[in-house]
Amino acid sequence: MDYQEILTQIKLEILPLFKEGKVADYIPALKEIDPKQFAMSLQLFDGTSYNIGDVDTKFSIQSISKVFTFTMALDLYGENLYKNIGHEPSGNAFNSLVQLEYENGIPRNPFINAGAIVTTDLLVNKYKDKTFKKVLKFIRKVSDDQSIYYDKEIAKSELQYGYRNLALVNMMKSFDNIQNDATKVVYEYFKHCSISMNTRQLSRSILFLANHGIDPITNKQFITPSQAKRINSLMLTCGHYDASGDFAFHVGLPGKSGVGGGIVAVVPGVMSLCVWSPQLNKKGNSLIGTKALELFTTKTGLSIF
Ligand code: GLU
């Protein structure tokens, strides 16, 4: 398959969509971005990668970080994790408060904000003040890249304007589903959301999920095959908030989006991918990124179905 040619076709076909989306503006530091950027990277098992567009430009990974923190927590807590967080799609917006109230502070899944905040709280239980250092270390390890870091301005901006996330953490605390100081936990969460990476690094970072938890390039085992199955299943059913069904319907791959405009996806047994374009659709997922992935699976036949 000529992957480079397919990427070139995709880049041409998404051009007319640049007028349609809107960059995330509820985090002021995110709205400064040039909206007309696009990058896509494919990472194969033999180490080959294919890239197109602004692939060296780093962006805020935002909710893609939830995949890494959940992986760490699953490894630490195993099945006990599901006492604090569910594994069902929410059918609600990423930052919704409503469901959380009538479900007694137990978030539906680890990929909505409430679920990711509980995940971070569980990491803080274990790692205390070293939590962010541990998260960064894990991401650097799975990416095989020590240069990855976070954007302090974005983390500060999130804390300053994070009214909803502060409401979520406090509500969960009132239901005893947060063990540590609420503001501290949410700031840890903002820090890992503010990690900056480009599509090359992100596609590389999730390659282990395409290969039962083992990095096929270095042969390092990061998690068990069963854990990798759980994470991929959750990406498929919950990776795009209340548009998760729509993403599965159009793209047919496990994937996770972030409001920075990135989406990672996995073709089990074949490759991992990342696409980035900052303009979002109404559900908070990259509009062009979703379309690019749909074009990719249509042109290559590489969906899981
Ligand atoms: N840090 C963002 C927030 O909590 C993450 C949301 C996202 O990427 O979907 O609002």
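Hydrogens, waters and symmetry mates are skipped; everything else that's a heavy atom, side chains included, is used. Counting convention: from 1, in listed order, for ligands and their atoms alike. Here, residue 1 is the first one in the sequence, and each next residue gets the next number.
Judged by the 6.0 Å distance and 45° axis criteria, Lys66 is not positioned over the aromatic ring of Tyr241.
For a threshold of 3.5 Å applied to N or O pairs, the pair formed by Ser257 and ligand 1 contains no separation below that value.
Regarding atom 9 (O) of ligand 1, its nearest protein heavy-atom neighbour is Tyr241 OH, 2.3 Å. Here the heavy atom of the protein found nearest to atom 10 (O) of ligand 1 is Tyr26 OH, 2.5 Å. Looking from atom 2 (C) of ligand 1 to the surrounding protein, the closest heavy atom is Gln62 OE1, 2.9 Å.
The proximity of Ser63 to ligand 1, defined as any non-hydrogen pair under 4.0 Å, involves the side chain as well as the backbone. Residue contacts with ligand 1, taken as heavy atom pairs separated by less than 4.0 Å, involve Val259 via backbone and side-chain atoms alike. Residue Glu158 touches ligand 1 through its side chain alone, judged by heavy-atom distances below 4.0 Å.
The contact set between ligand 1 and Phe94, taken as ligand atoms under 4.0 Å from a residue heavy atom, comprises 6 (C), 9 (O), 10 (O). Listed by atom number, the atoms of ligand 1 under 4.0 Å from Tyr189 heavy atoms are 1 (N), 2 (C), 3 (C), 4 (O), 5 (C).
Each of Asp144, Asp56, Asp54, Asp145 was scored for a salt bridge (Lys or Arg N to Asp or Glu O under 4.0 Å) with Arg200, with one residue passing: Asp56.
Leu293 and Trp276 are assigned to two separate hydrophobic clusters, defined by single-linkage of ILVMFWY side chains at heavy-atom distances under 4.5 Å.
Taking a cutoff of 4.0 Å between a charged side-chain nitrogen and a carboxylate oxygen, Asp129 and Lys184 qualify as a salt bridge. With salt bridges taken as basic N to acidic carboxylate O contacts below 4.0 Å, none links Glu5 and Lys299.
Between Asn125 and Gln179, the side chains place no donor N or O within less than 3.5 Å of an acceptor N or O (distance only, hydrogens not considered).
Ligand 1 does not have Asn95 within reach: every non-hydrogen atom of the residue lies 4.0 Å or more from it.
Under the 30°/60° scheme for interplanar angles, the aromatic rings of Tyr150 and Phe132 are found to stand perpendicular.
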